[in-house]
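What follows is a single structure, written as structure tokens, with notes after it.
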There are 2 protein chains.
Amino acid sequence: MGAGLSNDGQIGVASSGKAPRTARGERTLRKILDAARDEIGERGFSDSSIVGITQRAGVALGTFYTYFDSKEALFEALVRDMSAQVRDHVAPALEEAGDVFDGERLALESFLRFAREYRHVYRIIDEAEFVDPAGFRAHYETTAERIAARLIAGRERGEIASSYSHEDLEVLAWALMGANVFLGLRYSVWASADPASVAAATSRALRAGLGK
Amino acid sequence: MGAGLSNDGQIGVASSGKAPRTARGERTLRKILDAARDEIGERGFSDSSIVGITQRAGVALGTFYTYFDSKEALFEALVRDMSAQVRDHVAPALEEAGDVFDGERLALESFLRFAREYRHVYRIIDEAEFVDPAGFRAHYETTAERIAARLIAGRERGEIASSYSHEDLEVLAWALMGANVFLGLRYSVWASADPASVAAATSRALRAGLGK
């Protein structure tokens, strides 16, 4: 895994054959991705330019092409990077959790804090539906798979009623992800509500709804 | 309310001062909106043209300007129209319901059928985040308000535990709306799953989660 790149080593962030080979290169790539997040998050994809991104990153224009073939390729990398950042931001909360419901509560709370700090993440992931449909779908599919795996593990530990089938829990994982996305939009992007109290309200319903 | 226009009479669909005055005018406006739904749903906003929409609708180009000032104005009208169509499609299901949970189950089932028939609705509402941010936000805010009102009424009828506060139910309304949106994306737009079984899985959890 690259320094702070949050990629899992299986999905390359840079364009094919352009992965950084040194720690310095990884830092430069990180700067470009952070600048792209701010530039595209503020201006949108079509009004953003490679020049604007490299100026913001403080790197030469030619450096951009060391890592990416095009603005589209950068955007695809950015979506994968933001998706991985959300995952990595939420992961520590899950490790502290007492049970599956506690885990989902802490994960939502952590996501709400992330969305409040990086409101641009919404605009970027949402714009991916149009600019990078495969990346958009991959983001939600992998997120839902992770939630479903947590629910299934919770059922195996006896925390979730065994009458919920594997298929039920897959459906519920999509429902839970959608709930989290819209709670983030409402309470972190459009307003700044207390993440703990938003997460507590939904967590209580989830525990009662799925618990034994 | 105009013929089939599904607007509630408070939000004008045509541009200011351009509302149709005859039944024939309303039918023409309906044709333009349906053509815009298909054209913009297929091609996206920026690749759609007024000429393409009027040709699809079978009306003269000048007729467009009888109702709308611009492509942007048409798009804003389309978002309001689709939002109202979703609401009107779901309303009859709610009237048949035995209790609040039954109502939400039937509403989701009805929404999943609507999303399967009009997959474009997702692209149009989602693109509104960029083309018509106020319309995007209004769509979700009014939808969440309707769901919250149903949950609050359910609590007043004694179907939802009184320990859920008004604020809790507002948070849960956003969660439920997000769940429904993502279930529609996953099970109606990306695949065609049985709406009744998708709705049954989430409804069971909702009843157990919020019931007394």
Side-chain angles (χ1 to χ4, degrees), chain A residues 44-47 101 108 122-123 125-131 133 136-137 140-141 143-144 147 151 160-161 163-165 167-187 189-190 193-194 197-212, chain B residues 44-47 101 108 122-123 125-131 133 136-137 140-141 143-144 147 151 160-161 163-165 167-187 189-190 193-194 197-212:
Chain A
F45 179 76
S46 61
D47 288 342
F101 304 113
L108 172 56
Y122 270 80
R123 183 168 182 162
I125 303 271
D126 290 350
E127 198 166 12
E129 181 176 358
F130 307 100
V131 178
F136 175 79
R137 189 163 168 164
Y140 286 122
E141 286 181 342
T143 304
I147 299 174
L151 297 180
I160 287 179
S163 51
Y164 282 105
S165 70
E167 291 68 34
D168 287 340
L169 295 180
E170 280 178 349
V171 169
L172 287 164
W174 279 85
L176 193 50
M177 177 172 68
N180 293 349
V181 168
F182 273 72
L183 291 170
L185 184 66
R186 170 67 182 81
Y187 294 104
V189 179
W190 288 346
D194 173 36
S197 62
V198 171
T202 54
S203 172
R204 182 188 155 196
L206 193 68
R207 185 180 288 275
L210 301 188
K212 296 174 82 160
Chain B
F45 179 75
S46 62
D47 287 342
F101 304 113
L108 172 55
Y122 271 80
R123 181 166 184 164
I125 303 273
D126 290 350
E127 198 165 11
E129 181 176 357
F130 307 100
V131 178
F136 175 79
R137 190 163 168 164
Y140 286 121
E141 286 180 344
T143 303
I147 298 174
L151 297 180
I160 288 179
S163 52
Y164 283 106
S165 70
E167 291 68 33
D168 288 341
L169 295 179
E170 280 178 349
V171 169
L172 287 163
W174 279 85
L176 193 52
M177 176 173 68
N180 293 349
V181 168
F182 273 72
L183 291 170
L185 184 66
R186 169 67 181 81
Y187 294 105
V189 179
W190 289 346
D194 174 36
S197 62
V198 171
T202 54
S203 172
R204 181 187 154 197
L206 192 69
R207 184 180 289 275
L210 301 188
K212 297 176 83 162

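Worth knowing before you read on, the calculation uses all heavy atoms, side chains too, and leaves out hydrogens, waters and symmetry mates. Note on naming: letters A, B, ... go to the chains in the order of the sequence lines (proteins, then strands), and numbering restarts at 1 for each one.
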Please classify the contact of B/Ser163 with chain A as side chain, backbone, both or neither, using a heavy-atom distance under 4.5 Å.
both
Can you say whether B/Leu206 sits under 4.5 Å from chain A via the side chain, the backbone, both, or neither, judging by heavy atoms?
neither
Decide yes or no for B/Tyr164 and A/Arg204: does some side-chain heavy atom of the first lie under 4.5 Å from some side-chain heavy atom of the second?
yes
Mind checking whether B/Leu183 and A/Val171 have side chains closer than 4.5 Å, heavy atoms only?
yes
Between [X] and chain B, with a heavy-atom cut-off of 4.5 Å, which part of the residue counts as in contact: side chain, backbone, both or neither?
X	result
A/Glu127	both
A/Arg123	both
A/Val198	both

Taking every heavy-atom pair that is under 4.5 Å apart, which of [options] has the most such pairs with chain A?
options	value
B/Ala161, B/Ala193, B/Ser165, B/Gly178	B/Gly178
B/Leu185, B/Leu169, B/Asp126	B/Asp126
B/Tyr140, B/Tyr187, B/Trp190	B/Trp190

Heavy-atom pairs under 4.5 Å with chain B - which of A/Arg207, A/Glu141, A/Arg137 has more of them than the others?
A/Arg137
Value for OG1 (A/Thr202) from CH2 (B/Trp174), rounded to nearest 0.5 Å, stands at 14.5 Å
Closest contact, heavy atoms only, A/Leu172 versus B/Ala201:
CD2-O, 4.1 Å
